[in-house]
Amino acid sequence: EAQVTQNPRYLITVTGKKLTVTCSQNMNHEYMSWYRQDPGLGLRQIYYSMNVEVTDKGDVPEGYKVSRKEKRNFPLILESPSPNQTSLYFCASKGQGAFHEQFFGPGTRLTVL
Amino acid sequence: QKEVEQDPGPLSVPEGAIVSLNCTYSNSAFQYFMWYRQYSRKGPELLMYTYSSGNKEDGRFTAQVDKSSKYISLFIRDSQPSDSATYLCASKLQGYQKVTFGTGTKLQVIP
């Protein structure tokens with residue numbers, strides 16, 4: 001089954017404790033993104049990757065890091081989480097080309113205390 | 001000003017009603033217009049997309065784009081309780097991968 005998986009699905013942590021949210025896709029997609037979704041603000045892109053070892057900032061990159069060492073994986077790293085990073089996070093992937101459907105993972109609900 | 005604006009609702013309609021969901025956008029260079037549906041506790045999934053202006057129909061769903069007024073619409077005919085979800089409009093430039101989303105409209109269809 002073609003899918004994007006994320007782990008963990010739910011996470012409660014404390015300020016300053018480094019964490020990683022994993023994302024993996026099995027569709028051989030080149031393009032992968034991380035979004036955060038907040039009430040009234042919608043989906044905002046954090047980082048994206050056009051291919052292995054190629055990453056770039058989205059609209060709200062502050063406080064986040066990413067890496068793309070393998071095509072299928074695109075982890076999101078919060079080196080020193082703060083309460084304003086409490087949010088619902090989605091990983092997504094799509095093929096390159098004129099138009100390709102973007103597939104989203106199930107989401108990770110993060111709470112930073 | 002957000003590039004894609006959407007009324008957050010919530011919108012509550014009786015089963016069988018025709019639903020109209022709308023968005024406006026500011027970037028006249030957008031060429032692809034999408035509607036995503038997001039059920040509670042799930043990721044968004046693509047419902048349908050259109051390229052440039054015009055209408056596109058898929059079963060009970062019709063997407064409409066008016067580039068002259070920068071208006072995006074989604075119509076749902078004979079709405080069902082299973083249509084209850086948040087609907088996100090989105091747009092993108094041709095040749096670019098980035099998708100810009102509206103904030104989403106929460107729809108509830110009451111049996």
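Note that the structure is predicted; figures quoted are calculated from it, not measured. In what follows, chains carry the letters A, B, and so on, assigned in the order in which the sequence lines appear, proteins first and then strands, with residues in each chain numbered from 1.
No part of Phe103(A) comes within reach of chain B, as not one of its non-hydrogen atoms sits under 4.5 angstrom from that chain. In this structure, chain B has a heavy atom under 4.5 Å from the side chain of Asp59(A), while its backbone stays farther away. At a 4.5 Å heavy-atom cutoff, Tyr89(A) makes no contact with chain B through either its backbone or its side chain. Heavy-atom distances place the side chain of Phe90(A), and not its backbone, under 4.5 Å from chain B. When heavy atoms are compared at a cutoff of 4.5 Å, Gln38(B) approaches chain A solely by way of its side chain, counted from C-beta outward. Proximity to chain A is absent for every atom of Val4(B), based on heavy atoms less than 4.5 angstrom apart.
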Is there a side chain to side chain donor-acceptor pair (under 3.5 Å) between Lys98(B) and Gln45(A) once you walk through the steps?
CA-CA 9 Å; Lys98(B) 181 183 175 183; Gln45(A) 191 179 53; 4.8 Å; no
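Following chains of ILVMFWY side-chain contacts shorter than 4.5 Å, one cannot reach Val4(A) starting from Phe104(A), and the two form parts of different hydrophobic clusters. When hydrophobic clusters are built by joining Ile, Leu, Val, Met, Phe, Trp and Tyr residues whose side-chain heavy atoms come closer than 4.5 Å, directly or via intermediates, Leu88(B) is grouped together with Met34(B). Hydrophobic clustering places Val66(A) together with Val60(A) (ILVMFWY residues linked when any side-chain heavy atoms are closer than 4.5 Å, directly or through intermediates). Hydrophobic clustering, with ILVMFWY side chains joined whenever heavy atoms are under 4.5 angstrom apart, groups Leu74(B) together with Tyr25(B). No continuous path of ILVMFWY side-chain contacts below 4.5 Å connects Tyr48(A) to Tyr64(A), so the two sit in separate hydrophobic clusters.
Within 6.0 Å of atom NZ in Lys71(A), more than 12 heavy atoms from other residues, nucleotides or ligands are found, so the atom counts as buried in its surroundings. Within a 6.0 Å sphere centred on CZ of Arg109(A), heavy atoms belonging to other residues, nucleotides or ligands number 12 at most.
Of all residues in residues 39-71 of chain B, those placing a non-hydrogen atom less than 4.5 angstrom from a non-hydrogen atom of chain A are Arg41(B), Lys42(B), Gly43(B), Pro44(B), Leu46(B), Tyr49(B).
Here Pro106(A) is the residue among Pro106(A), Gly107(A), Ala92(A) with the most heavy-atom pairs under 4.5 Å with chain B.
Between Tyr36(B) and Gln102(A) there is a side-chain heavy-atom pair separated by less than 4.5 Å. Looking at heavy atoms from C-beta onward, Arg44(A) lies out of side-chain contact with Thr100(B) at the 4.5 angstrom threshold. No side-chain heavy atom of Thr103(B) sits under 4.5 Å from any side-chain heavy atom of Leu41(A).
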